[in-house]
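Source: prediction; values computed, not measured.
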Amino acid sequence: MTNHKKVILLPTPVVSLWSFFDFVYLSGGKPIQDWYHKEISDRARFSFNALLKNNQKINNHLEWSGVDKQMQGELKGQQVWQWRISGEVQYRILGAFAGLKRAVFLMGYYHKGGVYTPPNALKTALERKKLLDQGACKLDERQAEDNL
Amino acid sequence: MSDRQKIISRLIADRNYRADYIRAKLEVLIPSQLRALRLRQDKTQPELAQMADMKQSRISAMETPGKVNFNLDTLVRMAATHNTGLMVKFVPFSEMLNWENDYSQDVFNVTQLAHDIDFLQPAARTVRRRARRNRTSRRVSSSIRISPTSIVTSGVGAGTYMIPVQRERTQIKLPFEPSEQPPAQAQIAKVITLSGRGRSVLNDLLFRKTAAAAGAGVSYGNQ
């Protein structure tokens, strides 16, 4: 008689504490979705998803991975945070809170040597934050895409 | 083709894409584990830096996804600093994904060497494991044991089967002990309410057992 054991494991559901949303213009424009699909590399896309999945499960947002909480310059004091996403270049995505355990991604960009891509990234993020505060936007929930 | 299927197709076809996938997960999960370990021990980055004989900026970088290209020696050093072991093993993608899905920085913790009784007193481990097994599982016949998460059967042909069941354990009550008169098939079917694979294996086992006790062969009708 062999000592063989057969184990069938049932899939474990991912427990999310936070919900993340993409900023969507009332006109239907989806800047975060566009940035995700067109502007960043495969590697950065995977990194973003991994970060998303990890941070969804962290109760205290101050302990999120890869987050900059105290922004400088134009974003100082604007209640905007930033995630750093590793890739061939270090992409960044700006976000803001929108209710209990809800966060909204406002703007994806990268910068190198003081050059921002897109050039008006911070200004745009602040405009979107204003729209978010006014309720003049829509939100699309973002789920990690590689949760196969 | 859905996005999910596209990702899977590319993962199968493209080695670099696979590497990106693996790298992305490790770049997040290793720093997150290091951060969790430090937080569980109520240590600040400067305190840990002192323990590890590193600069605080290095500790900070290691806790930031993508900032450090970890080599094995660094990981070993951090494991030793945290008084934990370290496993680096090759696994199927599914296992890696499960690991990622199950992982939570908030609850991740590793027993430190000084408290690792299983390592320090291996004999006690067997005793505890046996006690735990007796507490949580119930032997319903000589070859079937039911615990909250699994049914373990043994002595079936050349194999041992462990079939997880969820929330159905209370419904499993075998109507007979091996020494008793076996019930009719209909009676067994009534009390066994496991689903899917669990049901088929357990039924199969019981039918064979019943049949053997009755000195008959097994014949499956229209189940």
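- Remark: the backbone N or O of Asn101(B) is paired with a side-chain donor or acceptor of Lys57(A) at under 3.5 angstrom.
- Across Arg43(A) and Ala24(B), no two heavy atoms sit closer than the pair O-CB, 4.3 Å.
- Without hydrogens or angle criteria, Asp20(B) side chain to Asp42(A) main chain gives no donor-acceptor distance under 3.5 Å.
- For Ser47(A) against Glu27(B), the heavy-atom pair with the smallest separation is OG-OE1, 3.9 Å.
- For the side chain to side chain donor-acceptor pair (under 3.5 Å) test, no residue two or more places apart in sequence or in another chain qualifies with Gln33(B).
- Among all heavy-atom pairs drawn from Asn54(A) and Leu29(B), the shortest one is OD1-CD2, 4.2 Å.
- With a 4.5 Å cut-off on non-hydrogen atoms, Asn59(A) touches chain B through its backbone and its side chain both.
- Neither the backbone nor the side chain of Gln90(A) comes within contact range of chain B; no heavy atom of the residue lies under 4.5 Å from a heavy atom of that chain.
- Of residues 79-95 of chain B, not one residue has a non-hydrogen atom less than 4.5 Å from any non-hydrogen atom of chain A.
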Can Lys53(A) and Leu97(B) be said to form a side chain to side chain contact (heavy atoms under 4.5 Å, CB included), step by step?
CA-CA 11 Å; Lys53(A) 279 166 89 171; Leu97(B) 184 65; 3.3 Å; yes

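- Counting only distance, with no hydrogens or angles, the side chain of Gln105(B) and the backbone of Ser65(A) share no donor-acceptor pair below 3.5 Å.
- Nearest approach of Pro65(B) to Leu51(A), heavy atoms of both residues: CG-CD1, 3.8 Å.
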